[in-house]
Amino acid sequence: MKIIDLLNQNKPSLSFEVFPPKNETSFESVKTATEEIAKLHPAFMSVTYGAGGGTSQYTLDIAKNIKSLYGVPTLAHLTCVSSTRDTVKQKINEIKSADIQNIMALRGDIPDSLKDSDRTTWDYKYAIDLIYELKSANQNFCIGAACYPEIHPESATQKDDIKRLKEKVDAGVDFLTTQMFFDNNLLYNFLYKIREAGITLPVIPGVMPITNANQVERSIKLSGSFMPQRFKSLVDKFGYNPDAMKQAGIAYATDQIIDLYANGITNVHVYSMNKPDVAAKIQDNLSDIIKK
Ligand code: FAD
């Protein structure tokens, strides 16, 4: 199923992101965790692509497994900046052969090894180059792209960021998924601005349940997200107690999601961090709201 068709149904739904194993040793445990999440039958699941593409085969293996065993629609992530055109074309063919209809087209972070090199020699500089590649492959994929309610760290201003986002959308994107955020007002403000800039396609908010205190620093570093005082207080109070922190983090994410639905968002994507118990608890908290 194409994600855009699901979004057009206009019913509150939940989807989960998982990440592939980093090596062969962790393959089985990751496979089991992602299967446990697939058993919840979310609206769809996305499988991220290892930075640099070194573990790219696992993305497809995990996505294929979820789809064939549980029939959950899958979204395969693909990054381009550290790949050659031949490699990307091969990946696109593999995704097509696996009958996966949805691709998240990303640039990826620029690896240190490339930072000082001559950009004119890169096959792909931005996500938009990958979107053109997918369009020219003419395989009728449903294409997603990333967006940043708190602006991408490399952008000088939000205006610049939204201008680039509009170009990316106009190149042929079907939907956008956001970077994580912990204050819904930032998302509503962003949506207002992009709509004003003529970006009208569906936007899927990405919500990250923070379930242990160590995750806080890592997540902020990775995303640059603003931490509201309400969330900081919760970490201060419960961060030392793993069970309490987990419960509080799930409650915070649930609250964020309910507010998003109440304000007209249809699908919310949960960064599940391969934790089936967290995914199940959030889904359970929303059971009557997302009833099929
Ligand atoms: P782009 O859209 O290319 O934007 C990157 C920067 O360049 C922005 O500042 C943009 O404004 C600017 N820009 C764009 N076009 C131009 C242009 N023509 N000229 C000048 N500037 C321009 N990373 C992974 O490695 N694997 C994953 O699976 C993954 N999944 C993600 C999922 C989501 C929902 C999100 C939000 C991010 C994900 N990332 C993933 C991280 C992502 O790869 C990084 O944030 C990366 O730095 C930017 O990727 P992008 O596709 O947004 O890039």
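Because the structure is a prediction, the values reported are computed rather than measured. In listed order, ligands and their atoms are each counted from 1. We use all heavy atoms of the structure for the numbers below, so side chains are in, but hydrogens, waters and symmetry mates are not.
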Closer than 4.0 Å to some heavy atom of [X] - which atoms of ligand 1 meet that?
X      : result
Thr177 : 34 (C)
Ala146 : 35 (C), 36 (C), 52 (O)
Tyr49  : 24 (C), 25 (O), 26 (N), 27 (C), 28 (O)
Thr79  : 24 (C), 25 (O), 26 (N)
Gly108 : 43 (O), 46 (C), 47 (O), 49 (O)
Ser155 : 8 (C), 9 (O), 10 (C), 11 (O)
Thr48  : 28 (O)
Tyr271 : 34 (C)

Open item on the list: Any salt bridge linking Lys246 with Asp243? Criterion: basic side-chain nitrogen under 4.0 Å from a carboxylate oxygen.
Closed with: no

Open item on the list: With a 4.0 Å cut-off on N to O distance, would you call Asp255 and Arg230 a salt bridge?
Closed with: yes

Open item on the list: Checking Gln256 now: which residues fulfil side chain to side chain contact (heavy atoms under 4.5 Å, CB included) with it, not counting sequence neighbours?
Closed with: Phe181, Asn184, Val207, Tyr252

Open item on the list: Considering Phe19, Tyr126, Tyr148 one by one, which has a heavy atom nearer to atom 49 (O) of ligand 1 than any of the others?
Closed with: Tyr148

Task: Selection from Leu106, Thr157, Ile162, Val173 by shortest heavy-atom distance to atom 39 (N) of ligand 1 - done: Leu106

Task: Donor-acceptor under 3.5 Å (Ser272 side chain, Ala279 main chain) - done: no

Any nitrogen or oxygen of [X] lying under 3.5 Å from a nitrogen or oxygen in ligand 1? Just yes or no.
X      : value
Glu154 : no
Gln179 : no
Ala127 : yes

Task: Heavy atoms of other groups near Lys125 NZ, more than 12 under 6.0 Å - done: yes

- [ ] Answer yes or no: are there more than 12 heavy-atom neighbours, outside Lys237 itself, under 6.0 Å from its atom NZ?
- [x] no

Task: Side chain, backbone, both or neither: Lys168 near ligand 1, heavy atoms under 4.0 Å - done: side chain

- [ ] Of the side chain and backbone of His152, name the one, both, or neither that has a heavy atom under 4.0 Å from an atom of ligand 1.
- [x] side chain

Task: ligand 1 contact by Asp161, heavy-atom criterion under 4.0 angstrom - done: yes

Task: Criterion side-chain hydrogen bond (donor to acceptor under 3.5 Å, both in side chains) on Gln90 and Asp86, from CA distance to verdict - done: CA-CA 6 Å; Gln90 190 193 327; Asp86 284 348; over 6 Å; no

TODO: With rounding to the nearest 0.5 Å, note down the distance linking CD in Gln139 to OG in Ser97.
DONE: 8.5 Å

- [ ] Verify whether one side chain among Ser82 and Trp122 offers a donor that lies under 3.5 Å from an acceptor in the other.
- [x] no

Contacts table for residues 261-270: side-chain donor-acceptor under 3.5 angstrom, sequence neighbours left out:
unit_1: Tyr261; atom_1: OH; unit_2: Ser13; atom_2: O; d: 2.7
unit_1: Asn263; atom_1: ND2; unit_2: Tyr188; atom_2: OH; d: 3.3
unit_1: Asn263; atom_1: ND2; unit_2: Asp259; atom_2: O; d: 2.8
unit_1: Asn263; atom_1: ND2; unit_2: Asp259; atom_2: OD1; d: 3.3
unit_1: Asn267; atom_1: OD1; unit_2: Ser13; atom_2: OG; d: 2.6
unit_1: Asn267; atom_1: ND2; unit_2: Ser15; atom_2: OG; d: 2.9
unit_1: His269; atom_1: ND1; unit_2: Ser15; atom_2: OG; d: 2.6
unit_1: His269; atom_1: NE2; unit_2: Ser46; atom_2: OG; d: 2.8

